[in-house]
Amino acid sequence: QVQLVESGGGLVQAGGSLRLSCAASGRGLSTYPMGWFRQAPGKEREFVAAISSNSGSTYYLDSVKGRFTTSRDNAGNTVYLQMTSLKPEDTAVYFCAAALGPYGLSFASTYKYWGRGTQVTVSS
């Protein structure tokens, strides 16, 4: 079992930055590919970014490429999502998740463990 807790969300003006953290307890994160998803009110959960277990590969939603960066510290059991040049349309609850395998990382169904999310609000 893996328990995931996100932090670092908040209210920021457009153009600003936030860094989200996802801390794991229980079993270590080192063997799990990790993903970030977001869900805005009235919308479906959306893939944002993913990172392979050894940080060798990263994947991003087209609309966040060049603005968001995901990284991980396996020794510290933490995954990060650095968000820059934030836009009002980035407003959502952001979730981190751990997958059991390296494929299909843009699909929520691939992930077994989920955090409860952290709210990100970007004002215009």
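Side-chain atoms are counted along with the backbone in the values below, which use heavy atoms only and exclude waters and symmetry mates.
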Validation row: [X], [Y] side chains within 4.5 angstrom (heavy atoms):
{"X": "M34", "Y": "C22", "value": "yes"}
{"X": "Y80", "Y": "R19", "value": "yes"}
{"X": "P33", "Y": "L105", "value": "yes"}
{"X": "W114", "Y": "V2", "value": "no"}
{"X": "K112", "Y": "Y32", "value": "no"}
{"X": "L81", "Y": "Y94", "value": "yes"}
{"X": "R72", "Y": "L29", "value": "yes"}

Shortest non-hydrogen contact from V120 toward G9: CG2-CA, 4.1 Å
L18 versus G8, closest heavy-atom pair with distance: CD2-O, 3.8 Å
Qualifying residue, where the test is ring pair (Phe, Tyr, Trp, His ring centres under 6.0 Å) with F47 and the options are F37, W36, Y59: F37
Test side-chain contact (heavy atoms from CB on, under 4.5 Å) applied to T118 and V93, step by step: CA-CA 5 Å; T118 185; V93 177; 6.0 Å; no
Derivation of the side-chain contact (heavy atoms from CB on, under 4.5 Å) call for V64 and R38: CA-CA 12 Å; V64 308; R38 66 187 180 188; 4.1 Å; yes
Linked, directly or transitively: L61 and M83 (ILVMFWY side chains, under 4.5 Å): yes
Verify same cluster id: V5, V48 (apolar side-chain graph, 4.5 Å): no
Side chain T78, main chain G76, donor-acceptor under 3.5 Å: yes
Q13 side chain to S124 backbone, donor-acceptor under 3.5 Å: no
Residue pair T31, S53: steps toward the side-chain contact (heavy atoms from CB on, under 4.5 Å) verdict: CA-CA 5 Å; T31 61; S53 58; 5.6 Å; no
Pair Q119-T121, side-chain hydrogen bond (donor to acceptor under 3.5 Å, both in side chains): steps then yes or no: CA-CA 6 Å; Q119 176 70 47; T121 303; 3.3 Å; yes
Q3/Y113 under side-chain contact (heavy atoms from CB on, under 4.5 Å): CA gap, chis, key distance, verdict: CA-CA 7 Å; Q3 293 78 44; Y113 303 107; over 6 Å; no
Charged tip of R45 within 45° of F95 ring normal and under 6.0 Å: yes
Inter-residue atom distance R67.CZ - Q82.CD, 0.5 Å rounding: 12.0 Å
Partners passing salt bridge (Lys or Arg N to Asp or Glu O under 4.0 Å) against K65 (at least two apart in sequence or in another chain): D62
